[in-house]
Asks: 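Just passing along the structure, written as structure tokens.
First listed ligand is number 1; within each ligand, the first listed atom is number 1.
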Amino acid sequence: MVTPPRARPSYGIDQPNLVVGLGAAAFILVMFGVFLAGGTGATASGFGPYVAGLVCLLGSLAMIVGSLRGKPRLWRQVLDRQELRGDETALDAGTGRGLVAVELARRLPDGHVDAVDIWRGRDQTGNSREAAQLNLEVTGTAERVALHRADLREPLPFPDGHFDLVAVSLTLRSLPLRGERDEATRELTRVLKPGGRLIVVDTARTAEYESVLRALDLDDVVRSGPWLSIYPPARVVTARKPGRTSTRTSGKR
Ligand SMILES: C[S@@+](CC[C@H](N)C(=O)[O-])C[C@H]1O[C@@H](n2cnc3c(N)ncnc32)[C@H](O)[C@@H]1O
């Protein structure tokens, strides 16, 4: 039987092992609570494990809702503030199944988006180049987006000063070593045009990225407060490469 093409994009769930681990921990804790209560329901002795189990369950559900709803909403809001002309060049570094590349391409009808990844399965459910390509096709953005296999721990396959906008979503945290994250951040700024804008969204280490960007002498370095639509809450770090203004930004950061 031929499977009909999907009408809507599907971007998967981030950190699936953690989501499943929290769900499993919730189940085990509730069973432990039942055991402590002697199979009679919620008594004082079973109360602690029930509460801990509920916390784990809520954490797991919040991560699922954050991936499916909160993250797309966050990126739409962040990109809508960028006052793009529509003909810019943009990079989505660590694109996964292509959410940010699609949102960029929708705002750049006369522009071009490059999207790079190594497509690690443990970072996102169904993570693959093919899944990203399918999402580009169902959203009608495929002709403006090029996917590339490239590792952020190595030099990027783009010349200096190539992009007006570089976006990184929940990806720098995947690099375990501080030196790797610093080097990746340097590469991301190398490929930015003078006046170009870098936007990093992450749930961890955003103070570190902020200080690296300041040390690299980028202008307008701003780290937002926590966005609670993603769990754990995410922060947005924005910065501009010194030089001629390439994109403008408006509104709250
Ligand atoms: C949590 S997913 C986020 C994907 C996408 N940016 C989004 O927000 O939907 C993290 C992504 O980083 C990618 N990644 C991890 N390490 C990487 C590396 N060294 N170079 C390039 N991409 C990497 C993973 O393959 C994965 O697609």
Asks: Starting at CD of Gln124, measure out to CG of Asp14 and round the result to the nearest 0.5 Å.
Replies: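 Here the interatomic distance stands at 5.0 Å.
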Asks: With sequence neighbours left out, what residues match Ser174 under side-chain contact (heavy atoms from CB on, under 4.5 Å)?
Replies: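 Ser174 satisfies side-chain contact (heavy atoms from CB on, under 4.5 Å) with Arg120, Asp123 only.
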Asks: Identify every side-chain donor-acceptor pair in residues 15-32 under 3.5 Å, counting partners at least two apart or on other chains, and give the distances.
Replies:
none

Asks: Kindly compute the distance separating CG (Asp80) from CZ (Arg107), expressed to the nearest 0.5 Å.
Replies: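 Going from CG on Asp80 over to CZ on Arg107, the span is 4.5 Å.
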Asks: Any side-chain heavy atom of Trp227 within less than 4.5 Å of one from Val201?
Replies: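 Not in contact.
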Asks: Which ILVMFWY residues are connected to Leu57, directly or by a chain of links, through side-chain heavy atoms under 4.5 Å apart?
Replies: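 Once heavy-atom contacts under 4.5 Å are chained together, Leu57 belongs with Leu61.
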Asks: Identify all pairs of nitrogen or oxygen atoms, one from ligand 1 and one from the protein, separated by less than 3.5 Å, and list them with distances.
Replies:
unit_1, atom_1, unit_2, atom_2, d
ligand 1, 6 (N), Gly94, O, 2.6
ligand 1, 6 (N), Ser169, O, 2.9
ligand 1, 8 (O), Lys71, NZ, 3.2
ligand 1, 8 (O), Ser169, OG, 2.6
ligand 1, 9 (O), Lys71, NZ, 2.6
ligand 1, 9 (O), Gln124, NE2, 3.0
ligand 1, 12 (O), Thr171, OG1, 3.3
ligand 1, 19 (N), Asp151, OD1, 2.8
ligand 1, 20 (N), Leu152, N, 2.9
ligand 1, 25 (O), Asp117, OD1, 2.6
ligand 1, 25 (O), Trp119, N, 3.4
ligand 1, 25 (O), Arg120, N, 2.8
ligand 1, 25 (O), Asn127, ND2, 3.3
ligand 1, 27 (O), Asp117, OD1, 3.4
ligand 1, 27 (O), Asp117, OD2, 2.7
ligand 1, 27 (O), Asn127, ND2, 2.9

